[in-house]
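Below, read A as the first sequence line, B as the second, and so on, with proteins coming before strands; counting in each chain starts at 1.
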Amino acid sequence: MAVATIETSGLTRSYGEICALKPIDLSVPEGEWLSVMGHSGSGKSTLMNLVGGLDRPTAGALVVGGQDLSTLTEDGLARFRREYVGIIFQQHHLVPYLSALENVMLSQYFHSVPDEAEARHALERVGLGHRLKNRPGELSGGEQQRVCIARAIINSPKLLLGDEPTGNLDHKSTLMVMELLKELRAEERFTVVMVTHNEEVAAWGDRTIYLTDGVLVREERTRS
Amino acid sequence: MNRRRWLLKMMFQALAHRGGRTVLLLAVLAMASSLATALWIVSLSMERRIAEEVRKYGANLVVVPQAARLDVGSGGLNFGSIAEPSYLGQSEVERALSTSGITSERSLHLRGALRYQNADLPAEGVDFAEIRRLFPWWQVKGAWPAAGEAVLGGDLATRLKLKPGDRIELAGTAGPIPLRISGTVSTGGEEDGLLFMALPELQQALGLTGQLSQVRLMVTASGDSLKSAAQSLQRQLPSAKVNEVRQTAHTSEGLLAKVKLLMMLVTAVVLVSAGSSVTGTMSTTVLERSKEIGLMKAIGGTRLEVLLIFCAEAALLGGAGGVAGYLLGSGIAHFITRTVFAASAEFIPWMGAVSLAVSLFLALLGSVGPMVSVFKLDPVRSLRGE
Amino acid sequence: MIALKLVPHLVAFFGMATVALRGATRRGMLAGTALAGFLVGTGFAVVSTGSVSGQFSFSLVRALLALSFLLFCAVSFTALYQSLGGSLPVGWLERLSSRPVSRSCALFLASAAAGAVAGCRLGPAVPSWVWGALAAAAAVLVLAAVLLESRLPAGLSTSRAGYLALTVAFLLFSASWSTRLDLFAPLTMKVMKFTHDFVHQFFESMLIPDHLFIHSYLWGYIGLLFGKEVGFWGGLIIWFTPVVMVFLAIGLERLPSVAHLRQGAQRRRVLAEAIRTRRMRLVLPGLALVLLASAVYRSLYPSVEYWDPKPVPVTANAGGEIFLPRKGEIDLMDGKLHKYVFERGGKTARFFVLLTPSGKLTVDLDACAICKPDGYGQAEGTVLCYYCKTLIPLETVGKPGGCNPVPVPFTEQDDGIHLSGVTLINTWSGTVQSTTRTTEKGK
């Protein structure tokens with residue numbers, strides 16, 4: 001049994017009256033690819049945000065990479081995110097006035113110091129070596145998502161979060177992105193937590209959990 | 001790549017991305033700082049100029065005979081007092097001046113009446129070289145007089161229908177004097193109603209050789225030292241009366257204070273309006289950019305680091321606006337002083353700092369609200385677009 | 001009053017102790033050393049000002065301060081040279097200086113110097129309660145330093161040169177509060193005199209009025225070298241050079257090699273951390289810069305009030321003799337500077353009468369044989385030449401030479417002082433003419 005990267009017990013998150021996440025106990029071992037499935041409003045994004053240090057739990061224990069996130073300050077969480085977490089968004093969220101290369105370098109800037117050669121290398125790894133100087137507006141959805149992946153992995157995170165990474169992509173691009181993630185994971189050995197409502201995408205993971213109305217209803221192990 | 005250089009590069013790209021708004025902001029900042037600069041330069045230039053004029057033009061001590069009355073600045077001429085005139089001895093005054101050790105410009109005056117076509121004509125004997133030095137605002141139409149020539153006050157010339165080049169014959173108590181009018185003078189003061197001729201000629205014509213009715217002194221001193229100068233001169237001249245003249249200075253200073261107040265009000269209004277417009281523009285910018293802020297926070301920027309980025313952007317704008325404002329403001333100041341005050345503005349390099357400060361202050365003030373929201377923004381919500 | 005006088009010195013001591021504790025291992029011992037050093041220094045200074053001639057202890061302390069500045073210069077240059085990649089055979093020195101014992105010794109010496117400055121300021125006669133209060137204050141400050149140091153952020157790292165920079169800056173800052181210990185004024189004077197002499201030696205051969213190459217406008221530039229400004233700017237450059245060197249040395253320090261790290265993120269993290277600590281190391285020299293600047297300011301605008309009476313006009317009797325009564329409107333015997341001005345035949349001469357500490361009256365011109373006749377003012381134990389800011393101890397007033405006021409012959413009788421007006425005017429004319437000519441030769 002590998003060391004648990006994510007360990008929650010009684011993790012709860014409520015927005016006022018609405019309880020987005022009922023007490024949840026979850027343990028994700030290091031290096032696992034966990035898919036989180038559920039309909040919209042089922043609390044899967046809330047879970048991901050909590051795990052990624054973007055949000056704070058209302059109650060319960062949340063330990064990620066040995067750090068108790070509920071004790072960290074806001075800036076402490078920010079530092080945790082830049083050291084430990086890489087995030088891939090459904091809407092990509094690239095800075096519109098920066099080129100692909102500079103978007104990756106922005107992440108480096110917040111982490112430590114910008115390093116152009118390294119950023120270029122990362123983009124080459126995701127197959128965008130020829131589009132370094134293009135702004136996000138000049139890239140296709142799949143390409144934008146690949147910039148987003150390059151940005152997420154540039155700081156060698158231990159934990160990669162995907163918030164419906166293929167939600168806006170066509171079938172072909174989806175396959176390409178998933179293939180890329182699999183390759184990168186094989187090289188970098190990071191843990192993946194991926195939120196999706198697509199069975200096919202979920203099947204890329206080692207394990208899938210199903211959330212309904214903030215409750216973990218089912219858990220399913222994909223073939224080894 | 002260096003962090004600082006990267007930050008700068010990012011700033012420029014962000015500003016270029018929102019080209020139109022950047023230009024607008026720059027224009028407002030430049031305008032505000034240029035107006036502040038221009039008004040300040042104008043007021044400083046005027047202040048210095050007025051101080052200079054007071055120093056240069058205003059006689060600040062007047063020596064008159066003990067019995068005579070002094071009416072400085074009043075337009076009328078009281079001939080009644082000349083009916084029983086008393087005079088200062090020219091040699092006595094000169095001796096007193098040299099022994100009292102007062103360094104000053106001076107001009108000697110003798111006033112008297114000459115007969116012209118059966119009427120009294122007020123005349124003043126002066127040394128024209130001294131006049132040109134002490135009263136540079138005299139505008140002489142025609143030529144300055146040579147020996148045997150005279151200058152006529154503008155009003156008098158109109159009344160007597162005389163013009164430069166005319167010859168007139170005046171009668172003094174000691175005999176007739178033929179004079180040629182070489183020019184007319186207009187100052188807007190009592191000089192416009194007088195005839196000016198060389199001092200020795202008038203002294204001779206009136207039979208008052210070596211006598212003076214007034215000595216004007218321009219002592220390079222101010223305040224208490226002027227008072228003490230007056231006192232020491234008074235001790236040397238017991239038969240005369242030494243008066244300080246403060247009127248000129250007082251009027252100019254009062255006017256200047258008012259002008260300054262006006263300028264300050266205008267500046268305040270400009271700054272307030274520019275400030276609110278900058279605030280408005282900046283806050284919409286940051287509202288639009290809340291997604292960017294959210295992203296920066298999500299990928300690990302601490303609040304202070306994100307704040308720094310926005311501060312740096314505001315500072316960059318403010319700096320550029322300040323430099324532009326200084327250049328523009330100096331131009332405006334030159335234009336205003338040239339056209340309105342008919343003087344040249346000074347070149348004041350340190351105003352650049354003022355202009356820069358104004359612009360930076362406005363830009364940073366304008367982004368205070370947005371910066372607070374940077375602090376408060378929740379990355380998850382702003383990314384979701386809430 | 002005494003307490004207020006000592007505040008800057010205690011502050012300097014406090015700062016010094018705080019800095020010394022940073023990164024140290026045996027902090028209790030160090031704190032004790034600092035306290036002991038301070039008290040020993042103060043005691044030494046107080047005793048020596050009391051027993052040996054007053055001038056001696058001041059000169060000694062000043063020499064010590066100058067020595068520390070020179071040491072600082074040497075260290076800063078070495079640091080810069082090393083961070084530029086040069087290597088010096090000073091390994092043994094570095095090993096020695098990194099021993100805890102040498103650190104304690106250095107701190108002891110530095111605190112002793114700080115104490116000596118404070119002691120010089122206190123003067124010879126110190127009541128015992130002041131001693132107690134001073135010791136208590138120093139002890140409290142040392143404790144406060146220990147507390148403050150432990151509260152400072154851990155990231156605030158120091159370098160040896162930076163540490164020395166701040167310590168020396170604190171010492172010089174402390175010294176600048178006393179005009180007799182201030183180093184900047186004598187430095188500017190030395191620079192001024194050096195340039196003066198240098199130019200004289202160098203251009204002696206060219207002092208031909210219609211030289212082929214040196215036109216009159218060039219004399220304008222050479223004239224610049226004769227002004228007070230040369231001393232000031234030259235002094236300023238020397239004053240700030242070492243600390244700027246330290247800045248450069250830290251700024252140019254090589255970043256650690258990261259080639260062995262395979263992972264990019266880790267590489268960058270190491271670099272960022274190195275840059276951050278390097279920047280933190282600049283804090284100490286930065287503080288030193290501020291302190292040195294304030295020392296210059298103190299030196300230029302000392303808070304000391306100079307006793308500078310308005311010259312009283314005097315006249316000579318029919319025999320051309322000036323008489324000043326011993327006890328008249330002005331009491332000549334009160335130990336203060338009394339200035340007079342005498343006029344004769346369109347020429348005026350300023351002179352002063354002063355009772356020296358040895359109990360003798362002296363009459364001198366209000367000018368010296370070197371400087372422009374800007375005159376003198378009196379401060380505690382000294383008179384000061386306003387032009388070159390040289391302090392002349394009261395003991396030596398009345399002796400000719402250097403920047404001392406030029407003595408005037410006089411006869412002292414029971415009723416007062418008699419001196420000849422003609423001699424006075426002649427001495428003044430001779431002196432002032434020659435100094436004016438010297439100082440304006442270039443123009």
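- By the 6.0 Å contact criterion, CG on A:D213 is open, its count of non-hydrogen atoms from other residues, nucleotides or ligands being 12 or less.
- Annotation: A:F80, atom CZ; neighbour count of heavy atoms from other residues, nucleotides and ligands within 6.0 Å is above 12.
- Residues forming a salt bridge (Lys or Arg N to Asp or Glu O under 4.0 Å) with A:R189 (at least two apart in sequence, or on another chain): none.
- With a 4.5 angstrom heavy-atom cutoff, A:F89 touches chain B only via side-chain atoms.
- The two residues B:L7 and A:Y109 have their closest heavy-atom pair at CD1-OH, 3.5 Å.
- Across all their heavy atoms, B:R3 and A:P114 have their closest contact at CG-CD, 3.8 Å.
- The 12-atom threshold is not exceeded at CE of A:M176, counting heavy atoms of other residues, nucleotides or ligands nearer than 6.0 Å.
- For B:H334, the NE2 atom sits in a packed shell: over 12 heavy atoms of surrounding residues, nucleotides or ligands are nearer than 6.0 Å.
- At a 4.5 Å heavy-atom cutoff, the contact between A:L98 and chain B is made by backbone and side-chain atoms alike.
- Interatomic distance, CZ of A:R135 versus CD of B:Q13, reported as 5.5 Å (0.5 Å rounding).
- With a 4.5 Å cut-off on side-chain heavy atoms, B:K291 and A:Q91 do not count as touching.
- Contacts of B:L308 with chain A are made by side-chain atoms alone, with heavy-atom separations under 4.5 Å and no backbone atom involved.
- Looking at B:E292, only its side chain comes within 4.5 Å of chain A, counting heavy atoms on both sides.
- Taking CE from B:M296 and CZ from A:F110, the interatomic distance works out to 5.0 Å, rounded to the nearest 0.5 Å.
- For A:N49, the part lying near chain B is the side chain, with the backbone staying farther off; criterion is any non-hydrogen pair under 4.5 Å.
- For a residue to count as touching a neighbouring chain, one of its non-hydrogen atoms must lie under 4.5 Å from one of that chain's; by this rule A:S112 touches chain B with the backbone only.
- Atoms CG and CZ, on A:L54 and B:R381 in that order, are 13.5 Å from each other to the nearest 0.5 Å.
- Residues A:R151 and B:L295 have side chains in contact (heavy-atom distance under 4.5 Å, counting atoms from C-beta outward).
- Summarising the local packing, NE2 of B:H17 is surrounded by more than 12 heavy atoms from other residues, nucleotides or ligands at distances under 6.0 Å.
- Between the CG atom in A:L77 and the OG1 atom in B:T302 there is a gap of 12.0 Å [rounded to 0.5 Å].
- Between A:M105 and B:K9 the shortest side-chain heavy-atom distance does not fall below 4.5 Å.
- Heavy atoms closer than 4.5 Å to chain A are found in the side chain of B:R289, but not in its backbone.
- Residue-environment remark: CH2 (B:W40) stays at or below the threshold of 12 foreign heavy atoms within 6.0 Å.
- A:E74 touches chain B through its side chain: at least one heavy atom from C-beta onward sits under 4.5 Å away, while N, CA, C and O do not.
- Pairing each heavy atom of B:G300 with each of A:R82, the nearest pair is O-NH1, 3.0 Å.
- Closest approach of A:D75 to B:R303, counting heavy atoms only: OD1-N, 3.1 Å.
- The two atoms that bring B:G301 and A:A78 nearest to each other are O-CB, 3.6 Å, heavy atoms only.
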